[in-house]
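Worksheet: one structure, shown below.
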Amino acid sequence: MSSFSYYQPTRIHFGFGKLEEVGRIVSRYGKRALLVTVPPFPALEPVFEKTKRLLRESGVEVAHFDQVIPNPTTESISQGTEMARDFHADVVVGLGGGSSIDTAKAIALEVTHEGTAWEYRLFGERKITGEVLPIIAIPTTSGTGSQVTAVSVLTNPKERCKSAIVDLHLFPKEAIVDPELVMSLPPHLTASTGFDAFAHAFESYVHVNANPYTDLLALEAMRLVIRFLPPLLHNPTDRRAREHMAWADTLAGLSIANCGTTLPHGIGMAIGGKAPWVMHGEALAVVYPEFLRYTAPYALERFAAVARMFRPELLGEKDEIAALALEEIMNTFLKEIGMWFGLEDLRIPREDLPGIVEDTFKLPDYSVNPRVPTKEDVFALLESAYSRR
Ligand code: NAD
């Protein structure tokens with residue numbers, strides 16, 4: 001067995017109805033909370049209002065920054081920082097999908113540090129020097145795991161580049177994972193975010209630094225997504241399936257927090273920087289068949305283990321056979337969850353492919369793939385994923 005370290009400081013509150021505890025939880029960290037969300041819309045406005053009421057009833061004053069945009073930008077983060085400064089916020093609550101939680105993290109950093117959050121990104125100009133404001137994360141999607149990671153993903157629209165800030169100070173102090181909040185997710189968002197959870201689990205399982213603890217988390221997360229995501233799309237009100245997807249998301253987040261992601265996430269982030277209209281889960285799904293074909297021969301045993309989770313009948317087959325079947329299995333799974341498409345379908349111009357290749361190599365994910373690609377390899381992979389006709 002390999003030797004390893006595991007660190008996870010976020011206290012997790014999991015279960016239906018856990019949002020009721022938000023006042024008690026937040027008031028441990030401050031008395032002036034900045035609530036960070038997308039603009040109110042019918043599915044989530046009642047949740048935003050309830051959260052504000054619960055916070056105020058616990059003696060916490062609230063300012064509501066409601067200008068998060070999906071695939072959050074440096075500008076929207078700085079708007080939120082200004083509000084946090086004017087309000088003298090002492091705790092930041094991210095309520096929403098990964099975009100809201102990541103915006104909350106970036107604001108909590110920017111408000112206590114010089115310069116902009118972007119300057120603290122991976123391989124950026126500045127290093128985090130100390131404390132950030134305490135962060136409380138409350139997910140309303142089941143996919144990013146951001147509620148338990150030390151990562152904030154952000155996009156610089158001027159540079160058309162998506163990157164991430166990774167620092168132990170960004171771990172939320174507490175995460176409230178209440179599956180009730182995910183009940184309103186429409187099918188395509190359920191599929192896209194659910195596939196993100198699968199990708200986290202799969203990539204940390206095949207990661208060159210996978211360890212026995214992250215394996216445990218990743219395998220269980222994959223098992224749950226394979227079992228509960230497809231039926232959930234036919235029956236979105238299935239509370240048990242929602243609960244299991246929320247747990248799968250959290251497990252996969254705990255796994256990447258101690259291991260990381262590989263090539264698809266590097267490419268997916270690069271796609272997001274060039275094409276911010278593409279959802280993160282879509283940017284991953286679009287390259288998965290090619291990534292599997294490219295990588296399988298270099299991780300036969302682990303690919304085979306996942307193939308057998310989808311198709312137990314492969315238990316009698318050799319690893320080579322099972323591992324190489326995973327691409328076809330993934331095509332079937334992606335079709336089943338409505339996530340099988342090419343870059344063309346996502347309106348990504350062919351002219352952007354060279355830039356996507358360059359940006360993939362600005363992140364570390366490619367270098368920890370079981371098979372480390374060259375730029376030519378990634379270009380060929382994107383070409384192959386361009387059209388699915
Ligand atoms: P999102 O936060 O961008 O939200 C997508 C859409 O879903 C939004 O329009 C939002 O309003 C809507 N929505 C959210 N909850 C809803 C609900 N309960 N009912 C109806 N609509 C709802 O989506 P996401 O996939 O959760 O987050 C994506 C972002 O997270 C990307 O920027 C991605 O790169 C990042 N990410 C971060 C980490 C991390 O560790 N920090 C990990 C993976 C991905």
Side-chain angles (χ1 to χ4, degrees), residues 7-10 34-38 65 67-84 89 91-141 143-157 159 161-175 193 196 200 249-250 252-254 256-258 260-261 265-266 268-270 272-273 276 279-280 283 359 362-365:
Y7 178 64
Q8 180 55 53
T10 306
L34 184 77
L35 178 67
V36 178
T37 73
V38 294
F65 176 67
Q67 293 301 313
V68 171
I69 48 174
N71 291 326
T73 61
T74 42
E75 277 98 342
S76 73
I77 289 162
S78 293
Q79 277 173 26
T81 302
E82 209 177 303
M83 192 164 179
V91 54
V92 186
V93 181
L95 168 62
S99 298
S100 300
I101 298 174
D102 287 0
T103 300
K105 290 175 176 177
I107 292 171
L109 161 67
E110 201 170 271
V111 81
T112 55
H113 281 68
E114 305 240 313
T116 64
W118 180 252
E119 293 166 54
Y120 295 85
R121 72 191 180 285
L122 282 166
F123 313 122
E125 300 86 327
R126 295 180 193 259
K127 294 271 169 272
I128 295 180
T129 48
E131 290 304 313
V132 302
L133 289 187
I135 299 154
I136 309 297
I138 312 174
T140 65
T141 61
T144 72
S146 181
Q147 67 273 18
V148 290
T149 72
V151 177
S152 168
V153 178
L154 66 177
T155 297
N156 184 328
E159 297 184 18
C161 187
K162 189 168 178 177
S163 187
I165 314 166
V166 184
D167 190 277
L168 296 183
H169 290 94
L170 294 186
F171 270 117
K173 297 280 186 217
E174 309 212 17
T193 51
D196 189 18
H200 290 158
D249 162 42
T250 304
L254 293 169
I256 53 169
N258 274 272
T261 50
H265 264 78
M269 296 262 292
M279 278 190 286
H280 179 60
D359 287 357
K362 290 181 185 159
L363 295 165
D365 307 70

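Small disclaimer: the values here were computed from a predicted structure and weren't measured.
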For the residue pair [X] and [Y], what are the closest heavy atoms and their distance?
X: Leu34; Y: Ala84; value: CD2-CB, 3.9 Å
X: Ala89; Y: Leu133; value: O-CD1, 3.5 Å
X: Pro172; Y: Gln147; value: CG-O, 3.2 Å
X: Val36; Y: Val68; value: CG1-CG2, 3.5 Å
X: Phe65; Y: Ile107; value: CD2-CD1, 4.1 Å
X: Ala104; Y: Gly94; value: CB-CA, 3.6 Å

Check salt bridge (Lys or Arg N to Asp or Glu O under 4.0 Å) between Glu114 and all other residues, then give those that pass, not counting sequence neighbours.
none

Run the salt bridge (Lys or Arg N to Asp or Glu O under 4.0 Å) test against Lys362 and tell me which residues pass, sequence neighbours left out.
Asp359

Does Asp249 use its side chain to pair, donor to acceptor, with the backbone of Gly145 at less than 3.5 Å?
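Yes, Asp249 side chain to Gly145 backbone: donor-acceptor pair under 3.5 Å.
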
Would you mind reporting whether [Y] and [X] have side-chain heavy atoms less than 4.5 Å apart?
X: Leu109; Y: Ser152; value: no
X: Thr74; Y: Pro157; value: yes
X: Val92; Y: Ile136; value: no
X: Ile135; Y: Lys173; value: no
X: Asp102; Y: Leu154; value: no
X: Thr103; Y: Ile101; value: no
X: Ile128; Y: Ile165; value: yes

[X]: partners by side-chain contact (heavy atoms from CB on, under 4.5 Å), with sequence neighbours left out:
X: Pro70; result: Ser99
X: Ala164; result: Leu122, Val151, Val153, Val166, Met269
X: Thr141; result: Leu185, Thr193

With ring-ring contact (aromatic ring centres under 6.0 Å, His included) as the rule and sequence neighbours excluded, what pairs involving residues 115-134 come up?
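Listed by first then second residue: His113-Tyr120.
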
What residues, two or more places apart in sequence or in another chain, satisfy side-chain hydrogen bond (donor to acceptor under 3.5 Å, both in side chains) together with [X]?
X: Thr149; result: Lys105
X: Ser78; result: Glu110
X: Glu119; result: Thr116, Arg126
X: Asp365; result: Thr261

Ile69 CD1 to Ser76 OG distance, which is reported to the nearest 0.5 Å:
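Spacing of CD1 (Ile69) from OG (Ser76) equals 4.5 Å.
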
Report the distance from atom CZ of Arg121 to atom OG1 of Thr155, rounding to the nearest 0.5 Å.
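Arg121 atom CZ to Thr155 atom OG1 measures 12.0 Å (nearest 0.5 Å).
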
Selection residues 161-171 - residue pairs positive for side-chain hydrogen bond (donor to acceptor under 3.5 Å, both in side chains), sequence neighbours left out:
Asn71-Lys162, Asp167-His169

Can a side-chain donor-acceptor contact be found between Gln8 and Thr10 if the only test is distance below 3.5 angstrom?
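Yes, side-chain donor-acceptor contact under 3.5 Å.
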
Could you tell me whether the side chains of Thr144 and Asp196 share a donor-acceptor contact shorter than 3.5 Å?
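Checked: Thr144/Asp196 side chains show no N/O donor-acceptor pair below 3.5 Å.
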
Please name all residues satisfying ring pair (Phe, Tyr, Trp, His ring centres under 6.0 Å) with His280, sequence neighbours left out, ordered by chain then number.
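Ring pair (Phe, Tyr, Trp, His ring centres under 6.0 Å) check on His280 returns His265.
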
